[in-house]
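Some notes on the structure that comes next.
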Amino acid sequence: MSSEIIAVKGRRVWDSRGRPTVEAEVQLPEGVIGRAIAPAGASTGSAEAFDKRDGGSAFGGFGVNEAVGAVNGEINGALRGLDAADQAGVDETLIQLDGTANKSRLGGNALVATSMAIAHAAANSENLPLWRYLGKDSDEFFLPMPEIQIFGGGAHAGRRVDVQDFMIIAVGAKSYEQALEWTAEVYRAAGELMKKAGHMQGVADEGGYWPAFESNEQALDFLVRAIEDAGFTPGDDVAISLDIAATDFGSGGRYRLAADEKDVDSDGLCEMLLGWIERYPIISIEDPVGEDDPDAMAKFTAAVGDKVEIVADDFICTAADRIKSAASMNACNTALIKPNQAGTLTESKAALDAARDVGWESIVSARSGETEDVTIVHLAVGWCVKQLKVGSFARSERMAKWNEGLRISEVLGGDGGKLPARATFPWGR
Ligand code: 2PG
Ligand code: MG
């Protein structure tokens with residue numbers, strides 16, 4: 001069937017924070033369409049593709065009329081007649097059309113929604129699920145290991161604690177389905193614990209419990225207790241993973257830990273985190289220091305990179321060249337892949353390939369502002385990425401993605417969804 005693009009339509013829809021966002025719909029012959037919605041971050045890296053907002057008073061300045069207009073106008077004009085099956089060609093057209101280094105003219109949100117919608121349309125024209133379309137060159141698929149938030153902090157919870165994501169990874173689970181079951185039990189146990197302790201104050205942006213704790217460390221204590229209360233052995237069955245998102249509370253090598261009422265320098269912050277790694281079953285740490293603190297990142301990686309994932313998010317912003325330069329200074333060992341940081345699928349895939357070239361692991365990740373869009377689950381499976389980060393185990397913009405993984409696991413077979421081999425995850429165990 002022809003995959004010639006007939007039209008690209010943009011529309012304004014709403015995200016999980018009640019803010020406007022961009023949906024793109026690509027029309028191919030015979031009624032085939034592909035649709036995707038741009039997500040949005042709150043703790044963003046400075047090198048991310050530009051999230052174009054209208055400003056002004058409506059919707060707190062978060063309007064996307066201009067970005068939607070770009071899809072309906074210039075993007076529609078430039079893409080009509082191109083082949084949706086040529087993702088690289090279409091994405092290059094988008095990049096050239098925008099013409100800026102950070103996609104600020106048309107908007108990274110307009111571009112990423114379009115780029116993902118193109119992939120959906122092309123897959124639909126071949127009657128394939130997106131994961132299979134993207135994974136045409138692979139003969140063996142697995143489900144990504146879920147990395148799921150239990151407490152949300154930092155920019156997602158009024159900075160009640162400084163650390164942004166307190167997450168778990170069900171490393172002992174035999175299948176994707178079981179990893180979700182175990183997470184559901186820990187999430188429930190954490191809620192019960194917070195209620196009993198009088199700490200329950202609803203949920204943060206990504207569905208994790210609002211962290212009404214006295215200190216960052218108290219959140220870790222509660223997390224370990226929740227894992228135990230749910231009947232699991234911390235570390236063996238269920239391990240801890242943190243997104244420190246340190247760019248958000250420090251710059252120039254100085255960090256303000258408001259929850260702990262102290263200021264630290266890079267060494268002080270790293271020492272604190274290394275202490276946590278010794279005392280808690282932590283197997284993954286994201287953005288342990290700020291994006292402007294590469295020497296500290298390299299030092300931290302040298303100290304624990306052989307046994308812990310050191311995940312680069314703000315630090316690399318899903319950019320192949322930034323991954324290469326981080327790797328050349330031995331900073332980090334795992335890339336967070338967020339398509340809207342790059343702006344197109346082709347650039348996201350290039351970042352993933354760069355991570356693989358330098359021997360890093362990778363994680364496909366959602367943003368704190370999300371929707372019912374489940375594209376990232378298909379990217380993780382189709383691109384054979386071993387880990388998926390989506391936020392918590394509540395709120396349907398999150399659950400839509402975990403549930404899509406269950407549907408894919410049924411097609412793949414393998415008793416609830418085969419996970420990456422345990423030996424490859426977590427590292428060094
Ligand atoms: C992150 C993400 C998800 P945001 O920092 O990794 O937790 O947050 O989308 O706000 O950047
Ligand atoms: Mg992050």
Side-chain angles (χ1 to χ4, degrees), residues 3 5 7-13 15-16 20-28 32-41 48-52 64 67-68 70-72 75-76 78-79 82-95 97-98 103 106-126 128-136 144 318 336-352 364-367 369-383 385 388-390 397 400-401 404-405 408:
S3 45
I5 299 166
V8 185
K9 181 175 165 39
R11 70 170 64 86
R12 185 188 67 185
V13 294
D15 77 7
S16 55
T21 187
V22 183
E23 177 169 83
E25 187 171 300
V26 171
Q27 296 167 7
L28 305 185
V32 172
I33 64 160
R35 226 185 248 145
I37 309 178
E48 293 195 14
F50 187 76
D51 188 30
K52 195 175 180 66
V64 290
V68 168
V71 178
N72 282 318
I75 290 176
N76 177 40
L79 264 47
L82 299 188
D83 184 1
D86 177 16
Q87 183 81 42
V90 171
D91 285 344
E92 188 52 35
T93 302
L94 288 171
I95 292 165
L97 184 68
D98 173 78
K103 305 186 172 66
L106 300 173
N109 41 356
L111 263 58
V112 79
T114 304
S115 179
M116 296 195 302
I118 290 285
H120 279 285
N124 289 342
S125 81
E126 292 192 26
L128 290 173
L130 182 58
W131 63 267
R132 198 180 281 286
Y133 171 79
L134 294 169
K136 272 185 184 157
T318 315
L336 203 71
I337 303 292
K338 292 168 162 172
N340 82 320
Q341 283 184 328
T344 63
L345 276 192
T346 303
E347 289 161 288
S348 307
K349 181 61 168 40
L352 174 64
V364 170
S365 172
R367 301 309 304 253
E370 274 290 338
T371 64
E372 66 272 27
D373 188 288
V374 295
T375 307
I376 56 164
V377 185
H378 289 260
L379 300 184
V381 176
W383 289 346
V385 174
L388 179 64
K389 179 187 180 198
V390 164
E397 79 278 7
K401 293 164 182 67
E404 185 73 351
I408 296 174

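We use all heavy atoms of the structure for the numbers below, so side chains are in, but hydrogens, waters and symmetry mates are not. Keep in mind that this is a model prediction, so the values were computed, not measured.
At a threshold of 4.5 Å between non-hydrogen side-chain atoms, the residues L79 and I118 count as touching. For the pair R35 and R11, the minimum side-chain heavy-atom distance is below 4.5 Å. Using a 4.5 Å cut-off on side-chain heavy atoms (C-beta onward), L130 and V377 make no contact. When side chains are defined from C-beta on, N72 counts as touching K9, because their heavy atoms get closer than 4.5 Å. With a 4.5 Å cut-off on side-chain heavy atoms, L111 and I75 count as touching. Side-chain contact between I95 and K103 is present, with heavy atoms from C-beta onward closer than 4.5 Å. Contact check for K136 versus L128: side-chain heavy atoms found under the 4.5 Å cut-off. Between H378 and E404, the closest side-chain pair of non-hydrogen atoms falls below 4.5 Å.
Between the side chains of E92 and T344, no donor N or O sits under 3.5 Å from an acceptor N or O. Inspection of the D15 and T371 side chains reveals no N or O donor paired with an N or O acceptor under 3.5 Å. In summary, the side chains of T375 and D373 do present a donor paired with an acceptor at a separation below 3.5 Å, with no hydrogens or angles considered.
Of the candidates V26, L82, D83, S3 forms a side-chain contact (heavy atoms from CB on, under 4.5 Å) with just one, namely D83. Tested against V385, the residues L352, L379, I337 include a single side-chain contact (heavy atoms from CB on, under 4.5 Å) partner, L352.
Residues N124 and I33 come closest through the heavy atom pair ND2-O, 2.7 Å. Listed here is the closest heavy atom pair of K52 and N109: O-ND2, 2.9 Å. The nearest pair of heavy atoms linking V64 to P20 is CG2-CB, 3.8 Å. In plain terms, the two heavy atoms of A88 and T346 that are nearest each other are CA-OG1, 3.5 Å. Residues G41 and R367 come closest through the heavy atom pair CA-NH2, 3.4 Å. Contact between G343 and S115 at its shortest, heavy atoms only, is O-CB, 4.4 Å.
Between D98 atom CG and T93 atom OG1 the span is 12.5 Å, to the nearest 0.5 Å. Remark: I37 CD1 to R12 CZ distance equals 13.5 Å, nearest 0.5 Å. Going from atom CG of L134 over to atom NE2 of H120 covers 8.5 Å, rounded to the nearest 0.5 Å.
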Exercise for review: Could you check E370 against K401 for salt bridge (charged side-chain N to carboxylate O under 4.0 Å, His left out), going step by step and ending with a plain yes or no?
Suggested key: CA-CA 10 Å; E370 274 290 338; K401 293 164 182 67; 3.0 Å; yes
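Panel note: side chain T318, backbone S348; no donor-acceptor pair is recorded below 3.5 Å.
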